[in-house]
Amino acid sequence: KDGTVKDVFIFGVLSAGKAIVMFDDITERQIAERALRDSERTLRRVLEQAPPAIAIHDLGGRIEFVNRKFSDTFGYRHEDVPTLESWVNQAYPDPVYRDKLVKIWTEWIENSVRTGREMTGGEFQVVCKDGSVKTAFITGIVTPDKKVLSLLEDVTSRVEAERALRERESLYRALVETTRTGYVVIDGHGKVLDANREYVRLTGHTDLKEIMGRNMRDWVVPNNRLKNDEAVAQCARDGHIRNFEVDYLGKAGAVVPVERGRGDSEFAGDGPQRHRLGPGLGQQPPGRAPDVGGGDRGQPAAPDRLPAQ
């Protein structure tokens, strides 16, 4: 009568030749159902366009959804992997690796159901539809309605970069440990962060642990400490220092002249300073000509940088 529109459910019965018609106002229920459908469509759009690869499966192993990023990353569309079994058989063809992963995933699901918290997550090798292999960090959570929402992040580039960095650091370490030149990495205050065996020897010590965290000035002769502090400050200010000489107190109190920087000593922004040092004149092995720069010409050229550990 007031012009409003309501949703009603109409039903009736026949009794004694008369029709009894009943009207049930379902307006609020219809509104709630429409709101729910709208919410589900919105959620699906969000999941579909989300940056990480997402897959959703029930506890019975039926995969209900994979988003666009999932298909773009691994090549599998929903029809390719309708079940968890079909996914693991294709993504992890090695049976030993697959069994190990399935066991881990099952334990994570059980723990998430029990605690309501996100899974621990881990990195796994995933075989894509085109046969390529990617490293993915996989985690997830079990929702209150017992759906397993999985997040898969492609970390292949990062893993490969880290592997290359480790190999490069290993190469550098091998180079600096086989040269007669002493290498040390210090912070802006002169504290030792890393050093090779030759530098440890120049300081009169035998093990890197004995000098780690200590200030370089601890083994600089007293009348050279001010000069050493100024050199550290200059390196921090200018980014480098060249051909700086200082005397160290070596083993048993012997004075060891060293030259800092046959090339440049370097300071990278707020990062550590990297110094290349060698013994000065008078500290060469018997029968060997003095090497003012401190390097050994019989050894391969050492890199100017030693990555801090």
Side-chain angles (χ1 to χ4, degrees), residues 168-268 271-309:
R168 183 180 178 186
E169 288 179 347
S170 178
L171 173 61
Y172 281 179
R173 172 64 68 180
L175 288 173
V176 299
E177 289 295 357
T178 55
T179 180
R180 283 193 65 254
T181 302
Y183 280 81
V184 62
V185 182
I186 63 173
D187 64 14
H189 303 288
K191 289 186 178 180
V192 174
L193 304 177
D194 194 14
N196 68 346
R197 285 191 296 267
E198 177 61 14
Y199 181 80
V200 173
R201 185 192 69 78
L202 291 172
T203 68
H205 298 84
T206 58
D207 194 294
L208 176 60
K209 295 178 182 178
E210 298 173 343
I211 65 172
M212 283 285 287
R214 292 176 58 185
N215 198 292
M216 292 178 70
R217 70 195 322 268
D218 290 352
W219 41 86
V220 174
V221 297
N223 61 355
N224 278 191
R225 286 176 181 169
L226 178 59
K227 181 172 67 170
N228 182 79
D229 293 345
E230 292 173 346
V232 171
Q234 179 187 339
C235 193
R237 182 183 66 249
D238 300 339
H240 68 277
I241 189 171
R242 186 190 298 271
N243 300 329
F244 170 73
E245 294 184 5
V246 68
D247 291 339
Y248 279 4
L249 286 172
K251 193 172 183 180
V255 175
V256 181
V258 298
E259 181 182 22
R260 192 173 299 170
R262 179 172 178 172
D264 286 345
S265 292
E266 300 174 351
F267 182 74
Q273 299 180 35
R274 293 162 169 82
H275 294 273
R276 187 167 65 170
L277 303 97
L281 296 175
Q283 295 298 317
Q284 304 299 324
R288 184 181 180 87
D291 183 358
V292 178
D296 187 342
R297 293 181 175 84
Q299 295 284 350
D304 289 333
R305 292 177 178 266
L306 168 64
Q309 299 298 314

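Note that the numbering runs from 1 along the sequence shown for the chain.
- The structure places OH of Tyr199 at 10.5 Å from CG of Leu208, a figure rounded to the nearest 0.5 Å.
- Note: Asn228 CG to Asp247 CG = 11.0 Å, rounded to the nearest 0.5 Å.
- How far OG1 of Thr203 is from CG of Leu249: 10.5 Å, rounded to the nearest 0.5 Å.
- Interatomic distance, Thr181 OG1 to Asn196 CG, rounded to the nearest 0.5 Å: 8.0 Å.
- Under a 3.5 Å cut-off, the side chain of Glu177 and the backbone N or O of Arg197 do form a donor-acceptor pair.
- In this view, Arg214 and His205, Asp218 satisfy the side chain to side chain donor-acceptor pair (under 3.5 Å) rule, not counting sequence neighbours.
- Distance check, rounded to the nearest 0.5 Å: NZ of Lys191 to CE of Met216 gives 14.5 Å.
- Heavy atoms only, all atoms of each residue included: Val192 and Ile211 are closest at CB-O, 3.5 Å.
- Residue pairs meeting the salt bridge (charged side-chain N to carboxylate O under 4.0 Å, His left out) criterion with at least one partner in residues 203-212, sequence neighbours excluded, do not occur; the list is empty.
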| task | Go through the steps for Tyr248 and Val220 under the test side-chain contact (heavy atoms from CB on, under 4.5 Å), then give the verdict. | result | CA-CA 4 Å; Tyr248 279 4; Val220 174; 3.7 Å; yes
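- Pairs passing the salt bridge (charged side-chain N to carboxylate O under 4.0 Å, His left out) check and including a residue from residues 219-234, sequence neighbours excluded, read Arg217-Asp229.
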